[in-house]
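To keep things clear, I will list the structure first and then write my remarks on it.
Reckoned from all heavy atoms, side chains included, excluding hydrogens, waters and symmetry mates. Not measured: the values here are computed from a predicted model.
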Amino acid sequence: LKSGLKGRDVIELKLALQLEGLLPEVQQIEEVEDAHFEGDTLKVVLSNGRGLLPHVINKVTAKGGSIQSVSLREPSLEHVFLHYTGTTLK
């Protein structure tokens with residue numbers, strides 16, 4: 001069921017600073033649904049976050065980016081339940 005939630009993984013890369021021209025590079029990755037900055041953190045919403053994390057990191061480092069931290073959030077069972085039922089667990 002979790003694999004049915006395409007585009008639900010979120011990679012967050014905290015960078016030393018925002019990089020010019022990085023967003024179009026990341027958005028060209030085939031399974032990326034959205035990529036944007038929130039302050040100095042690049043947030044990438046995509047399918048297959050585990051598989052594409054190295055590719056996203058390579059794009060950042062190729063642009064000269066300095067990564068300070070990395071996190072990957074995948075859908076939880078609660079996200080799956082909410083998606084399929086429309087209600088939260090109580």
Side-chain angles (χ1 to χ4, degrees):
L1 289 174
K2 280 183 169 185
S3 63
L5 296 180
K6 296 289 184 194
R8 300 295 177 149
D9 293 354
V10 178
I11 295 172
E12 294 182 355
L13 300 171
K14 182 174 169 120
L15 307 178
L17 53 94
Q18 288 188 18
L19 298 170
E20 288 278 329
L22 177 61
L23 287 179
E25 292 282 328
V26 172
Q27 290 167 337
Q28 289 178 356
I29 299 171
E30 187 173 322
E31 295 185 46
V32 169
E33 299 290 324
D34 180 46
H36 62 277
F37 276 102
E38 289 185 9
D40 57 0
T41 301
L42 172 64
K43 292 196 174 193
V44 184
V45 179
L46 70 171
S47 302
N48 189 19
R50 283 181 192 251
L52 293 175
L53 179 59
H55 194 54
V56 173
I57 289 172
N58 288 339
K59 293 279 187 185
V60 172
T61 56
K63 286 285 188 182
S66 175
I67 300 171
Q68 297 177 336
S69 68
V70 176
S71 72
L72 169 63
R73 285 185 286 131
E74 297 174 309
S76 67
L77 290 177
E78 185 173 350
H79 290 119
V80 172
F81 187 84
L82 177 62
H83 176 77
Y84 287 107
T85 66
T87 62
T88 59
L89 293 171
K90 293 183 182 183

Q. Side chain to side chain contact (heavy atoms under 4.5 Å, CB included) between Asp34 and Leu46: does it pass, once the steps are laid out?
A. CA-CA 7 Å; Asp34 180 46; Leu46 70 171; over 6 Å; no
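- At distances below 3.5 Å, not a single donor-acceptor pair connects side-chain atoms of Glu33 with backbone N or O atoms of Ser47.
- Residues Leu72 and Gly49 come closest through the heavy atom pair CD1-CA, 3.9 Å.
- The OG atom of Ser71 sits 9.0 Å away from atom CD1 of Ile11, with the distance rounded to the nearest 0.5 Å.
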Let me have the donor-acceptor pairs involving side chains of residues 50-69, under 3.5 Å, with sequence neighbours excluded, atom names and distances please.
residue, atom, partner, partner atom, Å
Arg50, NE, Glu74, OE1, 3.3
Arg50, NE, Glu74, OE2, 2.9
Arg50, NH2, Glu74, OE1, 3.1
Asn58, ND2, Pro54, O, 3.3
Thr61, OG1, Ile57, O, 3.2
Thr61, OG1, Asn58, O, 3.2

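- Within the model, atoms CG of Leu15 and CZ of Phe37 stand 5.5 Å from one another, a figure rounded to the nearest 0.5 Å.
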Please tabulate, one pair per line, all N/O donor-acceptor pairs under 3.5 Å involving side-chain atoms of residues 38-45, not counting sequence neighbours.
residue, atom, partner, partner atom, Å
Glu38, OE1, Lys43, NZ, 3.1
Glu38, OE2, His36, NE2, 3.2
Lys43, NZ, Glu12, OE2, 3.1

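- Within 6.0 Å of atom CD in Gln28, more than 12 heavy atoms from other residues, nucleotides or ligands are found, so the atom counts as buried in its surroundings.
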